[in-house]
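Take a look at the structure set out below.
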2 protein chains.
Amino acid sequence: MFQIDNMSHIPVYEQLVGQVEMYVLKGILNPGDRLPSVRSLAGSLAVNPNTIQKAMAELDRKGIICSVPGKGCFISDRAGEILKEEHRGELKEFKEQLRRFRMAGIGRDEIENCVDEVYSEGKK
Amino acid sequence: MFQIDNMSHIPVYEQLVGQVEMYVLKGILNPGDRLPSVRSLAGSLAVNPNTIQKAMAELDRKGIICSVPGKGCFISDRAGEILKEEHRGELKEFKEQLRRFRMAGIGRDEIENCVDEVYSEGKK
DNA sequence: TAACTGTACTACCCGTCATAGTACAGTTAT
DNA sequence: ATAACTGTACTATGACGGGTAGTACAGTTA
């Protein structure tokens with residue numbers, strides 16, 4: 001379910017956070033679902049338990065999961081809601097990227113093509 | 001002309017690289033233009049000369065500027081061309097971002113609004 | 001000659017990422 | 001109750017990158 005890219009410049013714990021969030025957005029992980037334990041994840045991913053715990057702590061801090069000592073880590077009820085709100089906030093940064101594209105001479109039609117392509121994926 | 005945000009998590013030398021590239025794309029810096037010297041920039045920006053030099057080395061490596069010992073650093077003839085090509089390569093990453101937005105429930109209309117807004121800025 | 005230019009090099013500080021090992025408290029099944 | 005799990009906390013260590021500090025060298029220009 002999870003996989004780590006050791007060659008990536010992105011920290012391992014951030015990769016984990018990102019993958020959990022992605023699975024939540026995709027509906028693969030749903031509220032109440034239990035994540036693998038810190039130690040089992042550390043074993044299967046060949047990563048130090050502390051690194052896994054760091055990812056769990058971050059997810060718990062954001063409200064994506066709910067860590068319960070002795071029981072495990074569970075997807076929070078508001079996980080999807082929180083993530084969607086977070087992405088909405090990234091729209092500002094998105095505009096900055098668009099402005100850079102425009103200055104780089106990338107035409108509006110090229111952008112429109114990308115949007116059309118992505119938002120047509122998986123449609124009937 | 002240049003300014004550094006010490007509170008940013010982005011390395012100073014990367015901020016400098018980004019600003020030079022931005023000015024090139026905006027047409028404020030043009031081929032042949034001479035950048036302030038390493039030491040004067042270090043002084044005015046209150047940054048170590050080594051940090052400035054690191055930015056210059058990176059810009060020289062990418063072909064954006066041409067460093068000439070004893071004379072100075074000058075905007076390369078192909079600077080604009082190189083930057084536009086670089087941004088074109090980022091279209092793939094742009095699509096990934098779009099997919100994340102779509103999964104986060106951001107509608108196509110919201111994206112279209114952003115595109116329209118950005119590509120309408122500064123138009124007659 | 002003097003004052004500039006870019007460049008190279010070493011040394012050091014600091015923060016982050018990751019590992020390693022230990023320990024403690026809560027939960028669950030036997 | 002015991003054993004085996006669960007999350008959590010803590011210290012110590014090593015590696016790496018960003019940044020500073022200082023020095024030095026070679027090319028350019030007035």
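Computed from a predicted structure; not experimentally measured. Every chain is numbered from 1, with letters handed out A, B, ... down the list of sequences.
- Between B:Leu41 atom CG and C:dC4 atom P there is a gap of 16 Å when expressed in whole angstrom units.
- Between B:Asn6 atom CG and C:dG15 atom C1' the separation is 16 Å, expressed in whole Å.
- Nearest nucleotide to the side chain of B:Lys71, out of D:dT29, D:dT6, C:dT7: D:dT29.
- Here the nucleotide nearest the side chain of A:Tyr13, chosen from C:dC24, C:dT5, C:dA18, is C:dA18.
- Checked against D:dT6, C:dG6, D:dG19, the side chain of B:Arg39 finds its nearest nucleotide in C:dG6.
- If you find the closest nucleotide of DNA chain C to A:Pro69 and to A:Gln15, the one lying nearer the 5' end belongs to A:Gln15.
- Closest approach to the B:Val38 side chain among D:dG19, D:dT8, C:dG6 is made by C:dG6 (side chain taken as heavy atoms from C-beta onward).
- At a non-hydrogen distance threshold of 4.0 Å, A:Val47, A:Asn48, A:Asn50, A:Thr51, A:Lys54 from residues 44-56 of chain A come into contact with DNA chain C.
- You'll find the side chain of B:Tyr119 reaches within 4.5 Å of the side chain of A:Ile111, heavy atoms only.
- With contacts defined as side-chain heavy-atom distances shorter than 4.5 Å, the pair B:His87/B:Leu25 qualifies.
- Note: CZ (A:Arg34) to C1' (D:dT6) measures 7 Å, nearest angstrom.
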Task: For DNA chain D, the dot-bracket pattern of Watson-Crick and G-U pairs whose distances stay under 3.5 Å, | for other-strand partners - done: ||||||||||||||||||||||||||||||
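- Ion pairing between a basic and an acidic side chain is recognised when a charged N comes within 4.0 Å of a carboxylate O; A:Arg99 and A:Glu96 show such pairing.
- Within the structure, a side-chain polar atom (N or O) of A:Ser67 is placed less than 4.0 Å from OP1 or OP2 of D:dT8.
- Atoms CG (B:Leu16) and P (C:dG6) sit 13 Å apart, rounded to a whole Å.
- Put simply, NE2 on A:His9 is 15 Å from C1' on C:dT16, counting in whole angstrom units.
- Salt bridge status for B:Arg100 with A:Glu90: absent, with no side-chain N to carboxylate O gap under 4.0 Å.
- Applying the 6.0 Å contact sphere to CD of B:Glu93 captures no more than 12 heavy atoms from other residues, nucleotides or ligands.
- Between B:Glu112 and B:Arg108 there is a salt bridge, with a side-chain nitrogen of the basic residue lying less than 4.0 Å from a carboxylate oxygen of the acidic one.
- Residue A:Leu35 contributes atom CG, which lies 12 Å from atom P of D:dT8 at whole-angstrom precision.
- Formation of a donor-acceptor pair under 3.5 Å by the A:Ser44 side chain with backbone atoms of A:Leu41 is found in this model.
- A donor-acceptor distance shorter than 3.5 angstrom exists from the side chain of A:Ser120 to the backbone of A:Asp116, with no hydrogens or angles considered.
- Using a 4.0 Å cut-off between a side-chain N of Lys or Arg and a carboxylate O of Asp or Glu, A:Arg78 and A:Glu81 qualify as a salt bridge.
- One interatomic measurement links the two molecules: CD1 of A:Ile10 to P of D:dG17, which rounds to 16 Å at whole-angstrom precision.
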